[in-house]
Amino acid sequence: MSEETKQPVEETPEPQTGPAEEVPQMEETAEQTEKAAKGKKKKEKGYTFTREQVEQMELAAKQLESVKDQFVRQTAEYENYRKRTTKEKENIYQDAKADTIKEFLAVYDNLERAAASEGGENSPHKKGLEMIFQQVKDILKKLGVTEIEAAGRPFDPEKMNAVMHIDDENFGENEVAQVFQAGFEMNGKVIRHAIVQVAN
């Protein structure tokens, strides 16, 4: 073998790149970022206002608060107005309904008298009147109209009109002895007072 082949080949060591070199670079980058952020913060804090500008801002804030207060008040007023008009409309409807029903109560009275005074039990005419009378009762019930129960009850001046007074031991004090004309109420409101006779 020749001398060239006998000599070992010398290898040049390659520079090692590992985590040890990267850490200082990362630390430097973090420090640079912190410095840049501090520099920005310092720049942002540098606002100054003149006295006139401050006064204008305070005036604008007061005007905004005033407009906000007006808005809140107007919203509350509108809500109250809406509720009030809704209630008024409902009351107008109920009053119109009560007035209409009141006009039909005369027909009710006539049917009641006719059904009571007509001939025998087997009379087809009497049965027809009773059916019509029952139909009128059912219609009134659907409309929310109820007859005021007066017979045998204590006299109630808010629901009854007393046209006669008798002394009778069979009845209690201020008890209704007889009903001359039925009274009616709708949703707790009297449409027509009952006309009654009061005992004792």
Side-chain angles (χ1 to χ4, degrees), residues 61-200:
K62 286 178 183 177
Q63 288 175 344
L64 179 64
E65 192 64 31
S66 175
V67 169
K68 183 181 175 184
D69 184 54
Q70 286 178 354
F71 174 74
V72 170
R73 286 175 185 271
Q74 286 181 348
T75 304
E77 284 177 11
Y78 173 73
E79 188 63 23
N80 291 338
Y81 167 77
R82 190 183 63 78
K83 288 178 181 177
R84 188 172 61 250
T85 53
T86 303
K87 189 176 180 180
E88 285 174 0
K89 284 179 185 177
E90 182 64 24
N91 288 340
I92 289 169
Y93 172 74
Q94 292 297 331
D95 290 344
K97 185 177 172 183
D99 290 342
T100 304
I101 291 168
K102 191 174 182 180
E103 295 299 319
F104 281 99
L105 293 179
V107 177
Y108 177 95
D109 295 335
N110 290 333
L111 285 170
E112 185 179 29
R113 283 191 286 270
S117 65
E118 191 58 37
E121 291 292 327
N122 296 326
S123 169
H125 191 65
K126 181 180 177 67
K127 286 182 180 178
L129 282 170
E130 286 174 350
M131 287 174 64
I132 294 168
F133 184 51
Q134 186 59 47
Q135 190 177 17
V136 171
K137 282 183 177 179
D138 293 340
I139 290 169
L140 291 174
K141 189 175 181 180
K142 283 180 185 176
L143 292 170
V145 180
T146 55
E147 187 174 342
I148 296 170
E149 295 180 12
R153 300 290 179 102
F155 176 72
D156 183 357
E158 292 184 5
K159 296 183 178 182
M160 306 170 196
N161 284 337
V163 293
M164 288 182 68
H165 184 271
I166 59 164
D167 292 323
D168 192 335
E169 294 178 359
N170 296 325
F171 296 101
E173 186 71 24
N174 279 341
E175 186 178 339
V176 175
Q178 189 177 355
V179 179
F180 297 118
Q181 188 180 61
F184 293 91
E185 59 184 351
M186 182 178 70
N187 300 327
K189 183 180 178 181
V190 176
I191 297 175
R192 185 177 78 179
H193 291 79
I195 298 174
V196 298
Q197 179 189 62
V198 181
N200 306 319

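By convention here, the first residue in the shown sequence is residue 1. On a predicted model such as this, the values are computed, not experimentally measured, just so you know. Computed from heavy atoms alone, side chains included, the values below leave out hydrogens, waters and symmetry copies.
Between Tyr108 and Phe133, the angle of the ring planes lies from 30° to 60°, which puts this pair in the tilted group.
In this structure a side-chain-to-backbone donor-acceptor pair under 3.5 Å is present from Arg192 to Ala182. Put simply, the side chain of Asn161 never gets that close to the backbone of Ala194: no donor and acceptor are under 3.5 Å apart.
With sequence neighbours excluded, no residue forms a ring-ring contact (aromatic ring centres under 6.0 Å, His included) with Phe155.
More than 12 heavy atoms of other residues, nucleotides or ligands shown are found within 6.0 angstrom of CZ on Phe180. At most 12 non-hydrogen atoms from other residues, nucleotides or ligands lie less than 6.0 angstrom from CD of Gln135. For Glu149, the CD atom counts as loosely surrounded, since its 6.0 Å shell holds 12 or fewer non-hydrogen atoms of other residues, nucleotides or ligands.
The closest side-chain heavy-atom distance from Lys97 to Val145 is not below 4.5 Å. Looking at Gln178 and Met164, their side chains never come closer than 4.5 Å, going by heavy atoms from C-beta outward. Using a 4.5 Å cut-off on side-chain heavy atoms (C-beta onward), Glu169 and Asp167 make no contact.
Residues Glu158 and Val190 come closest through the heavy atom pair O-CG2, 3.8 Å. In terms of heavy atoms, Pro157 sits closest to His193 at O-CD2, 4.3 Å. Between Val179 and Ala151, the shortest heavy-atom distance links the atoms CG2-N, 3.7 Å. Between Lys126 and Ala115 the shortest heavy-atom distance is NZ-O, 2.6 Å. Across Ala150 and Val176, no two heavy atoms sit closer than the pair O-CB, 3.1 Å. In terms of heavy atoms, His165 sits closest to Ala199 at NE2-C, 4.3 Å.
Screening residues 68-87 for ring pair (Phe, Tyr, Trp, His ring centres under 6.0 Å) gives no qualifying pairs among residues at least two apart or on separate chains.
Ile191 CD1 to Leu105 CG: the interatomic distance, rounded to the nearest 0.5 Å, is 6.5 Å. Residue Met186 holds its CE atom at 5.0 Å from CD of Gln94, rounded to the nearest 0.5 Å. In this structure, CG on Asn174 lies 8.5 Å from CG on Asn200, to the nearest 0.5 angstrom. Expressed to the nearest 0.5 Å, how far OG1 of Thr85 lies from NZ of Lys87 amounts to 12.0 Å. Note that the CZ atom of Arg153 and the NZ atom of Lys159 stand 9.5 Å from one another [nearest 0.5 Å]. For the atom pair NZ of Lys102 and CG of Asp95, the computed distance is 11.0 Å after rounding to the nearest 0.5 Å.
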Please assess Arg113 against Asp109 for the test salt bridge (Lys or Arg N to Asp or Glu O under 4.0 Å), listing each intermediate value before the final yes or no. CA-CA 6 Å; Arg113 283 191 286 270; Asp109 295 335; 5.2 Å; no
Intermediate values then yes/no, side-chain contact (heavy atoms from CB on, under 4.5 Å), Ile166 and Gln197: CA-CA 7 Å; Ile166 59 164; Gln197 179 189 62; 3.4 Å; yes
What verdict does the salt bridge (Lys or Arg N to Asp or Glu O under 4.0 Å) test give for Lys127 and Glu130, after you've listed the backbone C-alpha separation in whole Å, the side-chain angles of each residue and the deciding distance to 0.1 Å? CA-CA 5 Å; Lys127 286 182 180 178; Glu130 286 174 350; over 6 Å; no
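Contact check on Glu79 versus Arg82 returns a salt bridge, with a Lys/Arg side-chain nitrogen under 4.0 Å from an Asp/Glu carboxylate oxygen. A salt bridge links Asp69 with Arg73: at least one charged nitrogen is closer than 4.0 Å to a carboxylate oxygen.
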